[in-house]
Participant: 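Once you've had a glance at the structure underneath, I'll fire off some questions.
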Amino acid sequence: ERINPTAWTDPHDAFYVDSGITYSGSATSTITGLSHLVGETVQVLGDGANLGTFVVDGSGQIDLGSLTVQKAQVGLKYTSRFKPMKFDNDTIAGNSQGQRKQLNKVDITVRESMAVKVLDDKSSEIAIKWRDFVDFTDTAVPLRTGVISARVRSFPTDDPYYTIVQDEPFPTTILAVNTRYEITEPI
């Protein structure tokens, strides 16, 4: 198995499934060639959109029902997670280690990415807007390069955290993460 290129310019070509295949051809609602995944639940990226999960039948195919695709990536789902190290800050007054902190905001700089999620310390998803009001709703969401922001609210604790998750079949390249927090008790 070889990894495909990681610089996608078109979400239709993104290949972020495991043990997958690519279908490219006339519009179809049945994808074959999945005999190596019989009985498995697979994820489908069809024409640049996440079409969800399907179970591969005994003949090695899936039926998309009323949906049709001209290009699809089909394979096993996997999840990538990023949890930053503890937030400690050195100041003139001393180190903030052990002090209570409260998270406010996370800025994530991404390159040609889509559908990243941020989970707070209670594993609740924090909404991130991926579709702009000028994007057509009947087309794939364009890949984004730039800063995406998430308002993270946590209770003051000495070890606040969040997790960045990608569990959809889209590319994600994180270039930088900037976390804004307050020290809620004096150092």
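Side chains are part of it too, since the values below use all heavy atoms of this structure and drop only hydrogens, waters and symmetry mates.
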Participant: Return the set of residues passing salt bridge (Lys or Arg N to Asp or Glu O under 4.0 Å) with Arg151 (not counting sequence neighbours), or none when no residue passes.
Facilitator: none
Participant: Leu51 and Leu76: same hydrophobic cluster, using ILVMFWY side-chain contacts below 4.5 Å?
Facilitator: yes
Participant: Determine whether Glu168 and Lys117 make a side-chain contact, defined as any pair of heavy atoms from C-beta on separated by less than 4.5 Å.
Facilitator: yes
Participant: Go through the steps for Leu103 and Thr179 under the test side chain to side chain contact (heavy atoms under 4.5 Å, CB included), then give the verdict.
Facilitator: CA-CA 8 Å; Leu103 299 177; Thr179 306; 3.8 Å; yes
Participant: Where do Gly65 and Ser29 come nearest, in terms of heavy atoms and distance?
Facilitator: O-CB, 3.5 Å
Participant: Applying the 4.5 Å side-chain criterion to the ILVMFWY set and letting contacts propagate, would Val44 and Tyr16 be lumped into a single cluster?
Facilitator: no
Participant: First locate atom CD of Glu182, then atom CG of Asn104, and finally report the distance between them rounded to the nearest 0.5 Å.
Facilitator: 4.5 Å
Participant: Tell me, do Pro171 and Leu143 make a side-chain contact under 4.5 Å, heavy atoms counted?
Facilitator: yes
Participant: To check you understand the geometry: which heavy-atom pair defines the closest contact between Leu45 and Phe170, and what is its length?
Facilitator: CD1-CE2, 3.2 Å
Participant: Answer yes if Leu119 and Ile126 sit in the same cluster of Ile, Leu, Val, Met, Phe, Trp and Tyr residues linked by side chain heavy atoms under 4.5 Å apart, and no otherwise.
Facilitator: no
Participant: Give the minimum heavy-atom separation between Val55 and Ile62, together with the two atoms involved.
Facilitator: O-CG2, 3.7 Å
Participant: Does the side chain of Val74 reach to within under 4.5 Å of the side chain of Leu37, using non-hydrogen atoms?
Facilitator: no
Participant: Apply the test side chain to side chain contact (heavy atoms under 4.5 Å, CB included) to residues Ile21 and His36: give CA-CA distance (whole Å), side-chain angles for both, the deciding distance (0.1 Å), then the verdict.
Facilitator: CA-CA 10 Å; Ile21 65 160; His36 63 294; 3.8 Å; yes
Participant: Work out which heavy atom in Thr68 is nearest to a heavy atom in Asp47; give both atom names and the distance.
Facilitator: O-OD2, 3.9 Å
Participant: Applying salt bridge (Lys or Arg N to Asp or Glu O under 4.0 Å), run through Asp158 and Lys86 and close with a yes or a no.
Facilitator: CA-CA 9 Å; Asp158 62 348; Lys86 286 188 174 192; over 6 Å; no
Participant: Nearest 0.5 Å please: distance from the OG1 atom of Thr157 over to the NZ atom of Lys101.
Facilitator: 8.5 Å
Participant: Atom CZ of residue position Phe155 - does it have more than 12 heavy atoms of other residues, nucleotides or ligands inside 6.0 Å?
Facilitator: no
Participant: Between Arg100 (side chain) and Pro156 (backbone), is there a donor-acceptor pair under 3.5 Å?
Facilitator: yes
Participant: Using side-chain heavy atoms (C-beta onward) and a distance below 4.5 Å, is Ile31 in contact with Leu64?
Facilitator: yes
Participant: Which atom names give the shortest non-hydrogen contact between Ser35 and Val38, and what distance separates them?
Facilitator: O-CG2, 3.3 Å
Participant: Quick one: are Pro160 and Asp121 in side-chain contact, heavy atoms under 4.5 Å?
Facilitator: no
Participant: Calculate, to the nearest 0.5 Å, the distance between atoms OG and CD belonging to Ser26 and Gln70 respectively.
Facilitator: 8.0 Å
Participant: Could you walk me through whether Tyr162 and Val177 pass the side chain to side chain contact (heavy atoms under 4.5 Å, CB included) check?
Facilitator: CA-CA 12 Å; Tyr162 59 88; Val177 178; 3.0 Å; yes
Participant: Roughly how far, to the nearest 0.5 Å, is the OG1 atom of Thr145 from the CZ atom of Arg111?
Facilitator: 6.5 Å
Participant: Evaluate side chain to side chain contact (heavy atoms under 4.5 Å, CB included) for Asp107 paired with Thr109, printing each intermediate quantity in order.
Facilitator: CA-CA 7 Å; Asp107 292 324; Thr109 305; 5.9 Å; no
Participant: With hydrophobic residues grouped by side-chain heavy-atom distances under 4.5 Å, do Ile128 and Phe82 end up in a single group?
Facilitator: yes
Participant: Rounded to the nearest 0.5 Å, what separates atom CD in Glu112 from atom OG1 in Thr173?
Facilitator: 7.5 Å
Participant: Looking at every non-hydrogen atom in both residues, tell me the closest pair between Ala115 and Gln166 and how far apart they are.
Facilitator: O-OE1, 3.5 Å
Participant: Cluster question for you: counting only ILVMFWY and a side-chain heavy-atom cut-off of under 4.5 Å, with indirect links fine, are Val165 and Val152 together?
Facilitator: no
Participant: Can you tell me how far CD of Gln61 sits from OG1 of Thr30, rounded to the nearest 0.5 angstrom?
Facilitator: 5.5 Å
Participant: Any chance the side chains of Gln73 and Thr22 put a donor and an acceptor closer than 3.5 Å?
Facilitator: yes
